[in-house]
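As the structure lists them, so they are numbered: ligands from 1, and atoms in each ligand from 1.
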Amino acid sequence: MVFAENKNDILKKIKDINSFEELEKLRLYYLGKKGIIPESLKGLASLSIEEKKTKGQEINIFKKFVEEILREQKTILENSQIAKKIKQEIIDVTLPPNIKTAGKIHPISQTIFNIIEIFGNLNYSVETGPDIETDFNNFTALNIPEHHPAREMQDTFYLEGNQENNVLRTHTSPVQVRTMLKNKPPIKIIVPGRTYRSDSDATHAPMFHQVEGLVVNQNATMVDLKSTLVLFLEEFFEVKNLQYRFRPSYFPFTEPSAEMDVAYTKVNNKIKIGEGNNWLEILGCGMVNPLVLENCKIDSKVYQGFAFGMGIERLSMLKYGISDLRSFFELNYRWLDHYGFSVLDNQTRSGL
Ligand code: PHE
């Protein structure tokens, strides 16, 4: 044996090591430039050829053995370091959020949560549909004739190269069609979602949000429609005895159709909804046109319904005193910090 230590002792010595520094020290002790293995190889020079051969072989076997267990031990140390790190970095998802660093909920999302909550209490359920719609769902089934201005290029984003003449939906009304084709009455839904029109200025954005409402049963009336909307708006704007008016209007998919205005006053340049001498248009509505029911395979002699649609940005701007529509879409963190909502403000959680 060339070396004083036996293999078992070395093995034990290396296996006991639990830091990279100590391991490196041992590596240098055995294999470093001045380590005992290179030194013993140097020592071979003075030996006879025979001795060089046997001793040389012995040293090399020993060297391989030491290298191997050093390598093994290094891997063990590395693995235990990773395990330790993973353990330290564990995130307890059940801890309460750190409010100071948390993001904020966008006012549009907050408004949607709010709308869902109010209609949820009235037993409405939430339906959704795709942003890309067929021409049939967005127009034809809704009794919007071919020559209707809403179909013209300046309003609608058409998608090229598809057989169904797909469009980016211009309103949430196509989800009325989808729901009626899928379900039998009674139907009682709201549909919050994104809508698109090729229009962009201080009061129009090419992408905006609407919420649609649809009730179909055997006895829905205009009075139900009216009381539902008044109840919703009083809840939403947190006002009692809301002053409002219904004006006759025209939508191809409702008959009769109306637009609803709410009264407001301007106090210190801020709009206060509920009373006053000014009127603000807030939504469109009406009794579902029997032609639409028939297009959706619902017997219009048995069933009737009402529908309404409103712009979520407008509701949000009025409720939270936001004056510029475009600020909703500017991704300005300071704006969001000011107008956004804390996660804990929300009673209703929704994936929308
Ligand atoms: N879809 C109409 C619009 O975008 C709103 C509406 C919905 C009107 C339902 C009546 C009934 O303007």
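- For atom 5 (C) of ligand 1, the closest non-hydrogen atom of the protein is G309 CA, 4.0 Å.
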Could you go through S327 and N332, starting from their C-alpha distance and side-chain angles, then the distance that decides it, and tell me whether this counts as side-chain hydrogen bond (donor to acceptor under 3.5 Å, both in side chains)? CA-CA 8 Å; S327 60; N332 179 339; over 6 Å; no

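- Compare M287, Q176, R197, R169 by their heavy atoms: the one nearest to atom 4 (O) of ligand 1 is in R197.
- With ligand atoms numbered from 1 in the order given, ligand 1 contributes 7 (C), 9 (C), 11 (C) to contacts under 4.0 Å with heavy atoms of F308.
- Atoms of ligand 1 lying under 4.0 Å from any heavy atom of Q210, numbered from 1 in the order shown and given with element: 3 (C), 4 (O).
- Between H209 and F329, the two ring planes are parallel [angle under 30°; tilted spans 30° to 60°].
- Heavy-atom proximity to F253, at under 4.0 Å, picks out these atoms of ligand 1: 1 (N), 2 (C), 6 (C), 7 (C), 8 (C), 9 (C), 10 (C), 11 (C).
- Of all atoms in ligand 1, listed by their number and element, those nearer than 4.0 Å to a heavy atom of S173 are 1 (N), 7 (C).
- Classified by interplanar angle (parallel below 30°, tilted 30° to 60°, perpendicular above 60°), the ring pair Y244/F246 is perpendicular.
- A donor-acceptor contact closer than 3.5 angstrom links the side chains of D131 and Y196.
- Across every non-hydrogen atom of F328 and H106, the tightest pair is O-NE2, 2.8 Å.
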